[in-house]
Amino acid sequence: MSEEITKAFVDQFRANVVHLAQQKVSKLWKYVQLKENVKGKAVFFEQIGRSEMRDVATRHADSPQMDTPHDRRKATMVTSDWGDLIDKSDAIRSLIDPASAYTMSAAMAVGRRKDKHIIDASIGISYSGESGTTQIALPAAQIIAADNVGLTIAKVKQAKEIMDEAEIDDEGRIMLYSSQQFSDLLEDARFTSTDYNTVRALVDGKVDTYLGFKWERIEARKGAPSAGTASGINKHGLPYNATLDVTSCIALSSLRIGLAIGEMETFRVTERADKRFSKYVYAELDMGAIRTEEEGVVRIDCDNSPS
């Protein structure tokens, strides 16, 4: 079998990685406003506010001018990359197999990085204004305190109420949770009883839809931190405060997060002279994310070890 590296191999590898990262690996990709082929170091997502009609009081009145509120949010692009060596015993043709270890590993890395940007943007600082320099933190009204308890039905109902009062669309609501919070909910008979819940959580071992939210499990950023970092080994997951042992679940409304993908995704396969000419697979991607509306996001802090 030929070991020659051709453009066709690289193109197919790139196509497989992008497809897998979109369809099978990134859990949050389908819930965002997406801008692709972005040029430059930053991109703006337009934010159109609400306006009201008014009653016509007189005949032949002037045409109305409502001055619809308009703002914009800036997402800054961040370059991330990935690389791996192909063992000499493995054929370069394995790259064009969507099920190959190299293709899957690259796709998983790309997908996890997308999720990390989306999660960080959802509850982090947002940048607004004409030039994108005005910092907007997630308001305290959008944060549910841990209060020495884990995830409870009461907290989920509170998140729903916050969104309802802000007239956030019922469709497209998502709840991001980890396995610890699922275990907390299983302690409540209302969650597991078919009288209250049609998901049959005890049978399936997972929750699909509950209280109007589509539930997506993403583990918290626990584990031993890497050198020079404060986060655990699961760097793409839900925020975790190791000091307080608190995981932040996130309720969000679809399309309240903007995700930008750079114009050029770099996928290369080459030889590494410093590695005895082993084949080297490389992927690079520019990404940036931003929260576009505060009312569509609720952070739910959950104590993992309440006293």
Apply side chain to side chain contact (heavy atoms under 4.5 Å, CB included) to D286 and V38, showing your working.
CA-CA 9 Å; D286 280 346; V38 172; over 6 Å; no
Y240 reachable from L244 in the ILVMFWY side-chain graph, under 4.5 Å edges
no
What's the shortest heavy-atom distance between A141 and I162, and which atoms?
O-CD1, 3.6 Å
A side-chain contact here means heavy atoms from C-beta on lying under 4.5 Å apart; do K116 and R221 qualify?
yes
Report the C-alpha distance between I168 and E295 in whole Å, list the side-chain angles of each, state the deciding distance to 0.1 Å, and finish with yes or no for side chain to side chain contact (heavy atoms under 4.5 Å, CB included).
CA-CA 7 Å; I168 299 299; E295 290 80 4; 4.0 Å; yes
Looking at S248 and I300, would you say the former's side chain and the latter's main chain have a donor-acceptor pair under 3.5 Å?
no
Looking only at atom types and distance, does a side-chain atom of D169 sit under 3.5 Å from a main-chain N or O of S253, one as donor and one as acceptor?
no
Group every Ile, Leu, Val, Met, Phe, Trp and Tyr by side-chain heavy-atom contacts under 4.5 Å, then state whether L185 and L211 land in the same group.
yes
G150 and C302 have their tightest heavy-atom pair at C-CB, 3.9 Å
Could you tell me which non-hydrogen atom of I290 sits nearest to which non-hydrogen atom of A121, and how far apart they are?
N-CB, 3.6 Å
I'd like to know if M175 and V149 are part of one continuous hydrophobic network [Ile/Leu/Val/Met/Phe/Trp/Tyr, side-chain heavy atoms within less than 4.5 Å].
no
Are the side chain of W82 and the backbone of V110 linked by a donor-acceptor contact shorter than 3.5 Å?
no
Donor-acceptor pair, distance only, cut-off 3.5 Å: does the side chain of D84 make one with the backbone of V281?
no
Verify, without hydrogens or angle tests, whether S126 (side chain) and R291 (backbone) share a donor-acceptor contact under 3.5 angstrom.
yes
Atom pair CD (Q33) and CD (E293), whose distance is rounded to the nearest 0.5 Å:
9.5 Å
Does the side chain to side chain contact (heavy atoms under 4.5 Å, CB included) test come out yes or no for L28 and L252, once each step is laid out?
CA-CA 11 Å; L28 307 181; L252 60 88; 5.9 Å; no
Would the distance check show the side chain of K27 and the main-chain N or O of R217 forming a donor-acceptor pair, the cut-off being under 3.5 Å?
yes
Separation between NZ (K74) and NZ (K41), nearest 0.5 Å, reads 11.0 Å
Separation between CD1 (I261) and CE (M77), nearest 0.5 Å, reads 6.5 Å
Among T247, D184, N241, which one satisfies side-chain hydrogen bond (donor to acceptor under 3.5 Å, both in side chains) with N304?
T247
Rounded to the nearest 0.5 Å, what separation is found between the CZ atom of R173 and the CD atom of E171?
9.5 Å
Any side chain to side chain donor-acceptor pair (under 3.5 Å) involving residues 147-159? Give me the pairs, sequence neighbours left out, ordered by first then second residue.
N148-S307
Between D62 and R54, is there a side-chain N and carboxylate O pair less than 4.0 Å apart?
no
Can you check side chain to side chain contact (heavy atoms under 4.5 Å, CB included) on S80 and L285, steps first, answer last?
CA-CA 6 Å; S80 303; L285 188 61; 5.7 Å; no
Establish whether I143 and I174 are linked, either directly or via other cluster members, by ILVMFWY side-chain heavy-atom contacts under 4.5 Å.
yes
Value for CD (E216) from CG (D208), rounded to nearest 0.5 Å, stands at 8.5 Å
Distance alone, cut at 3.5 Å: any donor-acceptor contact between the side chains of E284 and T79?
no
So, the side chain of K35 versus the backbone of F44: is there a donor-acceptor pair under 3.5 Å, distance only?
yes
Nearest 0.5 Å please: distance from the NE2 atom of H117 over to the CZ atom of R112.
13.5 Å
To check you understand the geometry: which heavy-atom pair defines the closest contact between T292 and I257, and what is its length?
OG1-N, 4.1 Å
Could you check whether S183 and Q180, counting side-chain N and O atoms only, form a donor-acceptor pair closer than 3.5 Å?
no
Show the nearest heavy-atom pair for residues G296 and M163, with the distance to one decimal.
O-CE, 3.5 Å
Expected output: side-chain E294 to main-chain L138 donor-acceptor under 3.5 Å
no
Least distance between heavy atoms, G132 atom then Y127 atom:
O-CB, 3.3 Å
So if you build clusters from Ile, Leu, Val, Met, Phe, Trp, Tyr with side-chain heavy-atom gaps below 4.5 Å, do V297 and L255 land together?
no
